[in-house]
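In what follows, every heavy atom counts, from backbone to side chain, and hydrogens, waters and symmetry copies are set aside.
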Amino acid sequence: MNRAVRLPALLVLVVTLLAGSAAPQAPARNPSGKAKILSYIHTNWNSLSRSMTSCKSVVDPKVTTAPILYLPAGMATPASVAAMQQQCKVEVRNLPRKIVHMGDVTVADVPDEGLLYLPNRYVVPGGRFNEMYGWDSYFILLGLIADKRTDLARGMIENFFFEIENYGSILNANRTYHLTRSQPPFLTSMIRELYEHPAGKPVTKQWLARAYGYAKRDYNVWITEPHLAGDTGLARYFDVGAGPVPEMADDSTYYPDIIRWLLAHPSVHTDYLIEAPDNPTPEQAAELTKTSCDIAASKVCAAAHVNGHWLTASFYQGDRAMRESGFDPSFRFGPFSGSTQNYAPVCLNSLLYKYERDMAHFATLLGRRDEAAEWNRRADARKAAINKYLWNEKTGMFYDYDFVNRRLSTYNYITTFYPLWASLASPQQAAALKLHLPLMERTGGIAMSDFDSGTQWDLPFGWAPTTWLTIKGLAQYRDEADATRIATKFSQTILDNFLRDGTIREKYNVVSGSANVEVATGYKSNVVGFGWTNGVYLQMNNLLAHAASRRSAAALYRDYDPDSLSYQLRINTCCRYPSPAGKLTRTRSSAIIVPPSTRTVGFAPLRRTRSSTSVPPAASSSSRSEPAF
């Protein structure tokens, strides 16, 4: 290409990029359908919102008791709650004592289930999940920020601060039966999203300092007992409660179905069953309290038996830990994940690695260099432990580590890609991981695993949160082809089903590309809503739109590298302008593009090659010119 042709092409390229960045639109096979689903998501945030002024907020489809709203111990009833109390005929109580650490108040202390007060509006997943959840909220927040609903997003983050202050930790969700467990730690990721994409009202350093303090307290939950995974230096999931969870009251066959499955598969060896009478005497019931569960204290326990077989206390401990993981259930940690508490999982420890890098980033922004260095030291130590215990060099995948039996799992699971999202994988590990995408990738997206266990968090089901973490991780390691392909597949699955029945669901069958799921055992429904699917759809739409813009630009100019960082590097390195005024610029007051001097030297073909390696910065799409970790 001669110089006379190159300059006009460059001008067209820049105009295209500037226009594309202002209002990207992802390509769609059905543009009108795309408009419909985006409109649905935009309006659906309101229908999924809850607050302490609405009667529908206190309703809990999962239990059979009358609605009760609980305030922290000693807290006076807010005026808004008093008004709702009269309007909705809801009983309002205070928790029996102040909570400092998770587990200071248990289900036994609050036998009547109820909603825990939160000061700000929040978005719920939908359906039977009518409360603010821990890890759901991160993906919901991604959607809110994409939709410029930053006030609502900020209120949800501050609700988590309230939970830490008054309920001992970020909870699984704001119900009394969740006072004994948390959920995967995404708080720093939420804080970064809001701080780096404020949209309307800027987020101040003072707010960031306050958020940093609460994030420290949340982090401490995961680095102290009972969340330590033995002597590995890693963390595990654990619920400090005992017995079956009360929220399964609306699915009375869940635990009996597990017993039936175990009895039907005697070749699967577990320690999940004991024998005891279906109608125990008081003495036998007292023994069951130690070996299984307390039938006097739990209606769910009293119904959880089949032909003289009961689930063990150890199984219930694993069942509760599984719920803290968010993956409830799969066969990843044994049948129905009944041994979750025995594993150092790759998902949790990848999240904590990113948490530590995020905290180093915050400390740097706040001018706390010594603290930043300590956070980076912790991240480095965790990365070393992850590589020691969770990486299988032979297979080229990350797995969970059974620290009780001291052996690495061989269960292929989508969480093997979490280290990409957390930016902890080396370039060599990233290259190896990409080779294993076919294990789980299917026509409609990427499945949770390559094993069809009959449960909802295994093959053939794909879920929005894990799909997005995989896509984002691939994109961060400059693998746009795989990222866009998976995003296209899953986006189309969501859209096709939306156009079919007008709903967005919590999960999809990515083998058939359908929302009509058939779960053999465990949770059998497919809830409509759905908070995190809405948020992830918007993120995938934006990713595909920007990818399309880059491809269009690349088609116009042969030397253009779709990797914007590499392209900018080439512009800055290879073009020497006679003065700053001669640079290719766009001013705030004008959309006029000022071309470079005709004396500019030729562009060197400085392209990133397939063999190039680079470890991306910590997950963030910030446009701020601040140091990243």
Side-chain angles (χ1 to χ4, degrees), residues 52 55 57-75 77 81 84-85 88-118 128-134 163 166-169 171-183 226 238-256 279-280 282-305 310-313 315-317 319-321 323-324 328:
M52 299 299 108
C55 297
S57 299
V58 295
V59 174
D60 188 357
K62 298 182 293 301
V63 299
T64 57
T65 55
I68 300 172
L69 177 63
Y70 285 91
L71 305 173
M75 180 179 178
T77 303
V81 171
M84 184 189 71
Q85 186 177 13
C88 310
K89 308 303 179 186
V90 172
E91 184 177 358
V92 177
R93 302 179 188 175
N94 288 91
L95 291 173
R97 56 183 170 274
K98 180 176 175 58
I99 299 174
V100 177
H101 301 103
M102 185 170 59
D104 286 350
V105 172
T106 67
V107 173
D109 300 311
V110 192
D112 299 321
E113 296 99 349
L115 183 73
L116 294 168
Y117 171 83
L118 293 174
R128 70 193 291 269
F129 304 111
N130 196 37
E131 44 278 320
M132 190 180 84
Y133 281 79
E163 287 189 352
N166 294 279
Y167 305 133
S169 71
L171 302 178
N172 185 155
N174 59 315
R175 297 282 179 186
T176 54
Y177 46 75
H178 291 316
L179 282 167
T180 57
R181 67 175 177 268
S182 187
Q183 268 204 324
F238 197 87
D239 182 325
V240 298
V245 294
E247 64 266 31
M248 293 313 300
D250 71 332
D251 189 352
S252 59
T253 68
Y254 177 77
Y255 291 117
N279 298 296
E283 292 78 13
Q284 292 168 330
E287 182 63 22
L288 278 173
T289 301
K290 301 175 186 177
T291 58
S292 179
C293 55
D294 188 345
I295 64 174
S298 169
K299 295 178 182 178
V300 179
C301 169
H305 56 88
W310 299 68
L311 293 164
T312 62
F315 171 84
Y316 285 125
Q317 190 177 67
D319 178 75
R320 284 175 166 271
R323 295 168 194 281
E324 185 171 75
D328 46 340

S.K.: Kindly compute the distance separating CD (Glu163) from NE2 (His178), expressed to the nearest 0.5 Å.
M.R.: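 The CD atom of Glu163 sits 10.5 Å away from the NE2 atom of His178.
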S.K.: How far does CG of Leu171 sit from CD1 of Ile99, to the nearest 0.5 angstrom?
M.R.: 8.0 Å
S.K.: For Leu311, is there any backbone N or O sitting under 3.5 Å from a side-chain donor or acceptor partner on Ser292?
M.R.: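 Checking the backbone N and O of Leu311 against the side chain of Ser292, a donor-acceptor pair under 3.5 Å is found.
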S.K.: Measure across Pro96 and Val110 and return the closest heavy-atom pair with its distance rounded to 0.1 Å.
M.R.: CD-CG2, 4.1 Å
S.K.: At what distance, to the nearest 0.5 angstrom, does CD of Glu324 lie from CG of Asn172?
M.R.: 8.0 Å
S.K.: List the residues meeting side chain to side chain contact (heavy atoms under 4.5 Å, CB included) with Val107, not counting sequence neighbours, and say none if there are none.
M.R.: Tyr177, Pro246
S.K.: For Tyr255, which residues count as a ring pair (Phe, Tyr, Trp, His ring centres under 6.0 Å) partner, sequence neighbours excluded?
M.R.: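 Tyr255: ring pair (Phe, Tyr, Trp, His ring centres under 6.0 Å) contacts with Tyr316.
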S.K.: Name all residues meeting the side chain to side chain contact (heavy atoms under 4.5 Å, CB included) criterion together with Ala242; count only those two or more places apart in sequence or in a different chain, and write none if there are none.
M.R.: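 Ala242 satisfies side chain to side chain contact (heavy atoms under 4.5 Å, CB included) with no other residue.
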S.K.: According to side-chain hydrogen bond (donor to acceptor under 3.5 Å, both in side chains), who are the partners of Gln85, at least two apart in sequence or on a separate chain?
M.R.: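 Gln85: no side-chain hydrogen bond (donor to acceptor under 3.5 Å, both in side chains) contacts found.
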S.K.: Considering residues at least two apart in sequence or located in another chain, which fulfil the side-chain hydrogen bond (donor to acceptor under 3.5 Å, both in side chains) criterion with Glu131?
M.R.: Lys62, Tyr133, Arg175
S.K.: Taking side chain to side chain contact (heavy atoms under 4.5 Å, CB included) as the test, write out the residues that go with Met52, two or more places apart.
M.R.: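 So Met52 forms a side chain to side chain contact (heavy atoms under 4.5 Å, CB included) with Leu69, Val81, Leu115, Tyr117, Tyr122.
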S.K.: Evaluate Leu116 against Leu179 for side-chain contact (heavy atoms from CB on, under 4.5 Å), listing each step before the verdict.
M.R.: CA-CA 9 Å; Leu116 294 168; Leu179 282 167; 3.8 Å; yes
S.K.: Asp319 vs Tyr254, test: side-chain contact (heavy atoms from CB on, under 4.5 Å). Steps then yes/no.
M.R.: CA-CA 12 Å; Asp319 178 75; Tyr254 177 77; 3.9 Å; yes
S.K.: For residues Tyr167 and Leu95, determine if any side-chain heavy atom of one lies less than 4.5 Å from a side-chain heavy atom of the other.
M.R.: yes
S.K.: If you take all heavy atoms of Gly243 and Cys293, which pair is closest and at what distance?
M.R.: CA-CB, 4.2 Å
S.K.: Once side chain to side chain donor-acceptor pair (under 3.5 Å) is applied, what residue pairs with a partner in residues 295-305 remain, sequence neighbours excluded?
M.R.: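 Residue pairs with at least one partner in residues 295-305: Asp278-His305.
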S.K.: Only counting residues at least two apart or in another chain, list the ones meeting ring pair (Phe, Tyr, Trp, His ring centres under 6.0 Å) with Phe315.
M.R.: Tyr272
S.K.: Considering all heavy atoms of both residues, which atom of Ile295 and which atom of Pro280 are nearest to each other, and what is their separation?
M.R.: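 Of all heavy-atom pairs spanning Ile295 and Pro280, the closest is CD1-CG, 3.8 Å.
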S.K.: So, taking the atom named CG in Leu118 and the one named CG in Asn166, what distance separates them when rounded to the nearest 0.5 Å?
M.R.: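 These two atoms lie 9.5 Å from each other.
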S.K.: Residues two or more places apart in sequence or in another chain: which of them pass side-chain hydrogen bond (donor to acceptor under 3.5 Å, both in side chains) with Gln183?
M.R.: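 Here no residue qualifies.
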S.K.: Apply side-chain hydrogen bond (donor to acceptor under 3.5 Å, both in side chains) to Tyr70 and list each qualifying residue two or more places apart in sequence or on a separate chain.
M.R.: Arg93
S.K.: Enumerate the side chain to side chain donor-acceptor pair (under 3.5 Å) contacts for residues 101-110, please, sequence neighbours excluded, ordered by first and then second residue.
M.R.: Arg97-Asp109, Thr106-Asp109
S.K.: Taking salt bridge (Lys or Arg N to Asp or Glu O under 4.0 Å) as the definition, give me every residue that meets it alongside Asp239, ordered by chain and number, with sequence neighbours left out.
M.R.: Arg181, Arg320
S.K.: Between Pro244 and Val300, what is the shortest heavy-atom contact and its length?
M.R.: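 Shortest heavy-atom contact: CB-CG1, 3.8 Å.
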